[in-house]
Amino acid sequence: MAISGLTADARVLCKYMRRESLTHQQIYSSDIPPKLLINKVANKCTVKTMSSGKRPFGVGLLII
């Protein structure tokens with residue numbers, strides 16, 4: 001993962017991705033498909049921009 005922007009926001013998203021990966025691993029006993037993980041991160045970022053009073057994430061991610 002490469003980031004551009006606020007490192008604190010990138011750290012939050014990275015921890016979220018790790019947590020989702022581990023949860024998927026424990027439930028399904030297989031790795032999470034990258035497309036599903038990226039969709040979950042995108043949804044988390046979109047929710048912040050749709051509600052008032054919350055600051056959007058100030059980071060750009062490149063996930064390989």
(request) Any chance you could pull the hydrophobic cluster mates of Leu6, using side-chain heavy atoms under 4.5 angstrom and chaining through other members? (result) none
(request) Considering only Ile, Leu, Val, Met, Phe, Trp and Tyr, and joining two whenever side-chain heavy atoms are under 4.5 Å apart, list the other residues clustered with Ile27. (result) Tyr28
(request) Is it possible for you to say whether Val47 and Val12 belong to one hydrophobic cluster, with membership spreading through side-chain heavy-atom contacts below 4.5 Å? (result) no
(message) Taking Leu22 as the starting point, is it possible to reach Ile32 by hopping between hydrophobic residues whose side chains are less than 4.5 Å apart?
(response) no
(message) Counting C-beta onward and ignoring hydrogens, is there a side-chain heavy-atom pair between Met1 and Ile3 closer than 4.5 Å?
(response) yes
(request) Give the intermediate values and the outcome of side chain to side chain contact (heavy atoms under 4.5 Å, CB included) for residues Met17 and Val41. (result) CA-CA 7 Å; Met17 289 170 52; Val41 172; 3.3 Å; yes
(request) Quick one: pull up CG in Asn39 and OG1 in Thr46 and give me the separation to the nearest 0.5 Å. (result) 10.0 Å
(request) Quick one: pull up CG in Leu13 and SG in Cys45 and give me the separation to the nearest 0.5 Å. (result) 4.5 Å
Run the side-chain donor-acceptor check on residues 56-64: report pairs under 3.5 Å with partners two or more places apart or on a different chain.
none

(request) Return the minimal non-hydrogen interatomic distance between His24 and Ser30, and the atom names on each side. (result) ND1-O, 3.3 Å
(message) Using side chain to side chain contact (heavy atoms under 4.5 Å, CB included), reason through Arg18 and Cys14 one step at a time and then give a plain yes or no.
(response) CA-CA 6 Å; Arg18 286 181 183 154; Cys14 184; 3.8 Å; yes
(request) Could you note down all residue pairs passing salt bridge (Lys or Arg N to Asp or Glu O under 4.0 Å) where residues 51-64 supplies at least one of them, sequence neighbours left out? (result) Asp9-Arg55
(request) Enumerate the residue pairs fulfilling salt bridge (Lys or Arg N to Asp or Glu O under 4.0 Å) with a member in residues 21-35, sequence neighbours excluded, ordered by first and then second residue. (result) none
(request) Just jot down the salt bridge (Lys or Arg N to Asp or Glu O under 4.0 Å) partners of Lys40, sequence neighbours excluded, or say none. (result) Glu20
